[in-house]
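Just follow the structure's listing: the first ligand is 1, and inside any ligand the first atom is 1.
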Amino acid sequence: MLPERKPRVIIIGAGFGGLWTARRLARSPADVTLLDRNNYHTFSPLLYQVASAELEAEDIAYPVRSIFHGQRVRFLMNEVKEIDLNARLVTTQENTYSYDYLVLAAGGANHYFGIPGAAEYTYQIKSLEHAIALRNHILYRFERAMYEKDPAIQQRMLTFAIVGGGPTGVEFTGALIELIHGPLKHDFPSLNLHQVQVIVLEASDHLLPGMPAELQGYALKRLRHMGVDVRLETPVTKITPREVTLKDGNIIPTETAVWTAGVGGDALAQSTGLPLARSGQITPLPTLQVEGHPEVYVLGDVSRIMQDNQPLPLLATVAIQQGKAVAHNLLRQMNGQEPVPFRYHDPGTLATIGRGAAVCRLWGYSFTGFPAWVLWLGVHIVNLIGFRNRLLVLVNWAWNYFFFERAIRLILPRPVRRPLLAPKSAEDKAREEEQRRKEPEGS
Ligand SMILES: Cc1cc2nc3c(=O)[nH]c(=O)nc-3n(C[C@H](O)[C@H](O)[C@H](O)COP(=O)(O)OP(=O)(O)OC[C@H]3O[C@@H](n4cnc5c(N)ncnc54)[C@H](O)[C@@H]3O)c2cc1C
């Protein structure tokens, strides 16, 4: 008798949700394949520090193959293009794979609420490529502003608009203003940095939605104290490469609009043909399975799940707990048991606002300032993947803290306009010439 085939599990996405599912399944009898368009896992809570020249991209990413050394998880670097739920097929750029169970953990894309120009002209902080592009752009604005004679254009170059006052917007703004009034002040002594404007544009009447009012108030006071122009109840209506238009009719001339305002599902979620929420996310059942497809699980930012009449926040902590729950349910299913509903246990929330200041909500208590910041440092160091990364990040932070210095201020890579082709050898040129002569005229 032939041995029974192992159940094939495909996990799409090696972010927080997919990685934790795969880790939990690594010792299971299943045949697990993990697919990601990148060959690394990104620790996205620190992406804003790459964008603000505080950390290198390598410090917050880790190769997926290294994570699964010696374990029974097959990793394939492949971009998934389409999912056919009825045929149970996943199509990538190179191949088509069949599955018995599918875990969709592909994260979310930015949600732009239909604002004209937002998708085209804003910078994002959603991936390492985005963070590096934003860092280069900011540093380049200062280089260009040095030579600019027209004061209006120079002002536009030195104005930075951050759309969204959630945790990413607040953390990035704090790090940006410190970059400008610390290292860049010394790098560009001839620029008048009082001219620099950092503006946060938030549609609601508070920063840090979901946090207690005293923490929201602390974040607002702290950012304003640092010189940030925080504008609450200020929705954005249009964005062009040179301007941000506000609902009240005001126009902010700027070459840098950073989008941190919303997350939604992306084209992959659409390709499943499943009904999507307005944000473009998929709404799974409480067990994280998809209705009508008990073999398919959806989790993390690509999903929208209600708990106690509130949508769960889009956080790494949610995706990690869901990843573990999905692995648990898959194992139950393979053993002929019913999957169980998922419930999120909130471990607390943290957000930093520059060096030495943060807000924290833990076990029902709120606290701010230096103690919250130290806790923030500890939590992020512990959760980073890889000892080397932890060490590098710690050294960088210590350097920054004690010397007010940021080591990473290279504009790199510069855009390459054309592929670098090897120069043709004399032999190649002669062969081409010979070929041309042989070809009949007019062909
Ligand atoms: C700047 C920033 C700061 C944040 N700060 C915090 C914080 O402080 N605390 C917190 O808890 N959360 C934070 N978050 C949110 C947190 O990072 C997300 O909630 C979490 O990453 C979601 O996990 P996920 O597994 O759903 O998606 P992700 O971690 O985004 O992973 C998705 C993976 O899928 C891959 N992928 C996507 N599409 C495809 C495709 N078509 N084919 C193959 N692979 C694909 C991607 O490459 C990626 O590796 C932050 C997010 C950002 C962007």
Worksheet item: When the ring planes of Tyr112 and Trp259 are compared, do they come out parallel, tilted or perpendicular, using 30° and 60° as the limits?
Response: tilted
Discussion item. Atom CD of residue position Glu291 - does it have more than 12 heavy atoms of other residues, nucleotides or ligands inside 6.0 Å?
Written reply: no
Discussion item. The test is side chain to side chain donor-acceptor pair (under 3.5 Å); show your working for Asn396 and Asp59 and say whether it passes.
Written reply: CA-CA 10 Å; Asn396 258 308; Asp59 300 346; 3.2 Å; yes
Worksheet item: Should you measure from each heavy atom of Gly107, which atoms of ligand 1 turn up under 4.0 Å away?
Response: 26 (O), 27 (O), 30 (O), 32 (C)
Discussion item. Can you name the atoms of ligand 1, numbered from 1 with element, that are less than 4.0 Å from a heavy atom of Ala319?
Written reply: 22 (C), 23 (O)
Discussion item. If we only consider heavy atoms of Pro167, is any one of them less than 4.0 Å away from an atom in ligand 1?
Written reply: no
Practice prompt. Report the C-alpha separation of Arg74 and Thr33 in whole Å, then their side-chain angles, then the decisive distance to 0.1 Å, and conclude whether the side chain to side chain donor-acceptor pair (under 3.5 Å) test is met.
Written response: CA-CA 5 Å; Arg74 186 163 65 128; Thr33 301; 3.2 Å; yes
Practice prompt. Show which atoms of ligand 1 fall inside a sub-4.0 Å distance from at least one heavy-atom site of Leu268.
Written response: 41 (N)
Worksheet entry | Selection from Val64, Leu19, Leu35, Asp301 by shortest heavy-atom distance to atom 18 (C) of ligand 1 | Asp301
Worksheet item: Hey, is Arg355 close enough to Glu178 for a salt bridge, meaning N to O under 4.0 Å?
Response: no
Worksheet item: If we only count N/O pairs under 3.5 Å, is Tyr40 in contact with ligand 1?
Response: no
Worksheet entry | Donor-acceptor under 3.5 Å (Arg24 side chain, His328 main chain) | no
Worksheet entry | Nearest non-hydrogen protein atom, atom 8 (O) of ligand 1 | Pro45 CB, 3.6 Å
Response to the item:
The protein heavy atom nearest to atom 28 (P) of ligand 1 is Gly15 CA, 3.9 Å
Item to complete: Can you pull out the closest protein heavy atom to atom 38 (N) of ligand 1? Residue, atom name and distance to 0.1 Å, please.
Response: Arg37 NH2, 3.2 Å
Item to complete: Just need the protein heavy atom nearest to atom 21 (O) of ligand 1, so name the residue and atom and give the distance.
Response: Phe16 CD1, 3.2 Å
Fill in: Verdict with supporting geometry, Asn329 and Gln289, side chain to side chain donor-acceptor pair (under 3.5 Å)
CA-CA 9 Å; Asn329 275 347; Gln289 290 164 296; 5.8 Å; no
Worksheet entry | is_close_aromatic(Trp376, Trp397), centroid dist under 6.0 Å | yes
Discussion item. Which of the numbered atoms in ligand 1 are under 4.0 angstrom from any heavy atom belonging to Gly17?
Written reply: 25 (O)
Item to complete: Answer yes or no: does atom OH of Tyr140 have more than 12 heavy-atom neighbours from other residues, nucleotides or ligands under 6.0 Å?
Response: no
Item to complete: Write out the residue and atom name of the closest protein heavy atom to atom 37 (C) of ligand 1, then the distance separating them to 0.1 Å.
Response: Ala106 O, 3.0 Å
Response to the item:
Output for pair (Ile251 CD1, Thr245 OG1), nearest 0.5 Å, gives 4.5 Å
Worksheet item: So does Arg361 pair up with Asp346, basic N to acidic O under 4.0 Å?
Response: yes
Worksheet item: More than 12 non-hydrogen atoms from neighbouring residues, nucleotides or ligands closer than 6.0 Å to OH on Tyr121, yes or no?
Response: no
Response to the item:
Under 4.0 Å from one or more heavy atoms of Asn38, ligand 1 contributes atoms 47 (O)
Worksheet item: Can you list the atoms of ligand 1 that are under 4.0 Å from a heavy atom of Leu314?
Response: 15 (C), 19 (O)
Worksheet item: What is the closest protein heavy atom to atom 17 (O) of ligand 1, and at what distance does it sit?
Response: Ser44 OG, 2.8 Å
Discussion item. Is there a polar contact, in the sense of an N or O pair closer than 3.5 Å, between Thr168 and ligand 1?
Written reply: no
Worksheet entry | Ligand-side contact atoms (ligand 1) for residue partner Gly13, heavy atom cut-off under 4.0 Å | 33 (C), 34 (O), 35 (C)
Worksheet item: If you take all heavy atoms of Ile138 and Ala51, which pair is closest and at what distance?
Response: CD1-O, 4.0 Å
Worksheet item: Out of Ser127, Gly166, Ala316, whose heavy atom is nearest to atom 11 (O) of ligand 1?
Response: Ala316
Worksheet item: Hey, is ligand 1 close enough to Leu350 that some N/O pair sits below 3.5 Å?
Response: no
Worksheet item: Which bit of Val80 is near ligand 1, meaning a heavy atom under 4.0 Å away: side chain, backbone, both or neither?
Response: both
Response to the item:
Atoms of ligand 1 under 4.0 Å from any heavy atom of Asn78, numbered from 1 in the order shown, are 42 (N), 43 (C)
Fill in: From Asp36, Ile125, Val318, Thr352 - option closest to atom 47 (O) of ligand 1 by heavy atom
Asp36
